[in-house]
Amino acid sequence: MSAISQPSRSIIPAFLRDSRVLQVIGQIIFLILLVLALSQLVAGVNEQLQAKNLTPNFSFLNNPAGFDIGEKPDWYTRDNTYLEAFIVGVTNTLRVVSVGLVATTLLGILFGIFLLSNNWLLRTISRAYVEILRNTPLLVQLFAWYFIVMFSLPQIRDAIAFPQEGRAFIAVRLLLYVVVYFAMRRYVRPFSVDAPRRIALTYGTITTIVAAELAFHFLPESYGDLTNVSFLAYAAVSIVGFVVAWFYLHGNLRWPILGVVGGQFLAGLLFYFGVLPNSGFRLDVYPAIYISIRGFAFPEILPTNRFVAWAVFVTVGLVLAGIMWGYFGRITETTGRVIPRGRYALLAIIGFTVAGWLLVGIEPLPTQVPVDQDGTIVLMPLEEARTQDLLSAEDVRLYSTQPILLTLPQERRNRGGVLTGFNNATQISPEYMALLLGLVIYTSAFIAEIVRAGIQAVPRGQIEAARSIGLSTAQTLNMIVLPQALRVIIPPLTNQYLNLAKNSSLALAIAFADMFQIMTTTMNQSGQSVTGITIIMIGYLTMSLVISLVMNLVNSRFQLVTR
Amino acid sequence: MSESLVEQGAVTQMADEPIIFCQNVNKWFGEFHVLRDVSLEVMPKEVVVILGPSGSGKSTFIRCINRLEEHQEGQIIVDGMELTHDVRNIAAIRREIGMVFQQFNLFPHKTVLENITLGPMKVRHWPRDRAEAKAQELLNRVGIPEQAAKYPGQLSGGQQQRVAIARALAMEPKIMLFDEPTSALDPEMIKEVLDVMKELARSGMTMLVVTHEMGFAREVADRVIFFDHGRIVEQGTPDYFFEEAQHERTKLFLSQIL
């Protein structure tokens, strides 16, 4: 082995030519430059602000805000401090982001699956949805939701009420059809097999129902009327159709068509002979949702004083269900005996919920209650107090046998009888709705693509292997496809969650009072822009870090072990 | 039956009914006619090796037998059950047929043991103890008892394929299908997989094997079938097939690979 050649002499000492030392020196120089630049910047800004008497500080947060907020809890007035105004803003941001994350996930998954559908129409519509939404700016979409969709809603005096007040009619026929459906499912097993007569029967039953319903809808006056000429025409067409199908149709279409023609004829007979029951049940219906340019009014959900007792029952039911789920799961694993544990768990939850509801209501209400009538406390019958609207909010919670009161929005009208608003309603502003819809729908387009890609990333061979050992479609999806797809889906999904959270600051554009909008107003009024921007950045940073943390924890559960 | 079909040589006769019965099976991929009037009977305990050039439809054919592919015409009856659109029949037939794939297709997010016990526990509803005992027994049989707790990504290709064989056997199938089980393996690892398959054949398993391993075909097969352009061109015992093949296409194929 020859001697190792020495590097040529140099005036630079050896340790300064060591690549490891050079790396450290480089980093130190960069750090010094960075600190110098930053300190220059900070000093400059400070000097400017001091000249304007606006030294950054936090004490201004305790000054009264003096502005009103469009979307606020009851306690907030313009006399509250900047800090309290900011808290209102944070709450509003969280209201949008938390609901938005859940909704966009569900919508994204749905469209992601549609993108992979075998149904051409569904697939194409989903593709168009995704391409239109992800290729136009979110700001434009928010404007569209707010200035086009929300502004086109009617004025409050003509608010759309749903369902329309009035009478609903449930025909006995419809119940009959439900019975027929379950009977077919049980005894005929439609669509699961190739036997031609079963196919004919399935198609025939469906056609009978559809044709009879159409007849009821369009020709109610000729029900049970055999003399009607249209019956003869109808029967003739049906019979000709049947004959043609019987003699001239072969192949795949034969039995379905025979079923359809037969069913149509049968429906005609039933209708014109007046055999189908024409009676039904009547229900009184009151509107639960009102939609107008002032927003959405939903029923108010009010926990009463008996709510806690009921909640205990529900909790016991949930715990019991959890225990049964785990216990029966272990039994299945150790003995192989199949126990429908999902059904038992569901039964426990429903059972305890219902039983709790009934038991909580057993304790009777007092017949006489003290109420405040023009300053004096008087005893009067509960019903009378209720009808005279003398019960305070406290009393309503106290004098209820139900654990939860669901009160429909009550119309508030002025003297002229014009609708001006609602009492006892949960109200949602059009700004909130526009922002929520904009964020959810925009982000769902990206999530749909991520979900589609994630599912497609699972090799076909995995599904084939799962099917070849006999797993069902549902088992294959749950145990093989989803765990592997989620591994691919979660990292980009986290990005989309962060996007939605941060994009919520676009609320400014449509005047929704989120934390950014309120801080902008605060900065304009107080001039404390450095502090304001810092607080806002810390606010969004905290939110993003929490989302990242949660998603990273989820992600770590799905990582693969390789060598 | 097609004229080009030459059937000669003494096929080992067995007393029972055929366990796989295919008659005039036809299949198209769009316009492409992959399977043309394929008819075949396989007796219990018979080992059938299917040879043929790429794209001749041999893989598609064995995939039709457990309905990973649908045939469009003809009849396939496995263990007395006809393959139709009826999902119950398909599920029942898949329980009786194990399959080993070229790319192993082990579940990467489950351990070796979980890969093997999944089917018995979820489909056959065995208790965990029984499924795990069976899995361990099968891992012993395929020669890798110490790998149970590892994930597929931590194993070599040959080991993965042996786990895949164990996974298929765990369902206690009556028939095993092998779709080019050694084609994705390093040459050194082919032998360990073939040894497992030979042992399985000697134990009396009904096997359909698509492969390019001529040595395996000669040594183990009861019958060799040659596919070309979606047709069974020629079939017979290994001795007949490798020495006295009649058909031009078969001779050409054999001259190129032997």
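These numbers come from the heavy atoms of this one structure, side chains and all, not from hydrogens, waters or symmetry mates. Please read these numbers as outputs of a predicted model, since none were measured by experiment. Within every chain, numbering begins at 1; the chains are lettered A, B, ... in the order of the sequence lines, protein sequences first and strands thereafter.
In this structure, the portions of A:Ser468 lying under 4.5 Å from any heavy atom of chain B include both its backbone and its side chain. Contact of B:Leu68 with chain A is made through the side chain alone, with heavy-atom distances under 4.5 Å. Heavy atoms of B:Leu106 lying under 4.5 Å from chain A belong exclusively to its backbone. Both the backbone and the side chain of A:Glu333 come within contact range of chain B, judged by heavy atoms closer than 4.5 Å. For A:Gln475, the part lying near chain B is the side chain, with the backbone staying farther off; criterion is any non-hydrogen pair under 4.5 Å. Of the two parts of B:Phe107, the backbone and the side chain both hold a non-hydrogen atom closer than 4.5 Å to a non-hydrogen atom of chain A. Proximity to chain A (any heavy atom under 4.5 Å) is shown, for B:Lys150, by neither the backbone nor the side chain. At a 4.5 Å heavy-atom cutoff, the contact between B:Arg63 and chain A is made by side-chain atoms alone.
Between B:Phe29 and B:Phe32, the ring centre distance reaches or exceeds 6.0 Å.
With respect to A:Glu449 and A:Arg452, a salt bridge is recorded, a charged nitrogen being found less than 4.0 Å from a carboxylate O.
Defined by atom type and a distance below 3.5 Å, a donor-acceptor pair is missing between the side-chain atoms of A:Thr205 and A:Tyr181. Under 3.5 Å, the side chains of B:His71 and B:Asn26 contain no donor-acceptor pair of N or O atoms.
Most heavy-atom pairs under 4.5 Å with chain A, from the set B:Arg167, B:Arg95, B:His109: that is B:His109. Ranked by heavy-atom pairs under 4.5 Å with chain B, the first of A:Pro459, A:Gly470, A:Ala465, A:Pro483 is A:Ala465.
Considering every non-hydrogen atom in both A:Ser444 and A:Leu107, the closest pair reads OG-CD2, 3.7 Å.
Considering B:Asp179, B:Leu51, B:Thr60 in turn, B:Asp179 is the only one that fulfils the side-chain contact (heavy atoms from CB on, under 4.5 Å) rule with B:Val210.
A donor-acceptor pair under 3.5 Å links the side-chain atoms of A:Arg467 to the main chain of A:Leu471, judged by distance alone.
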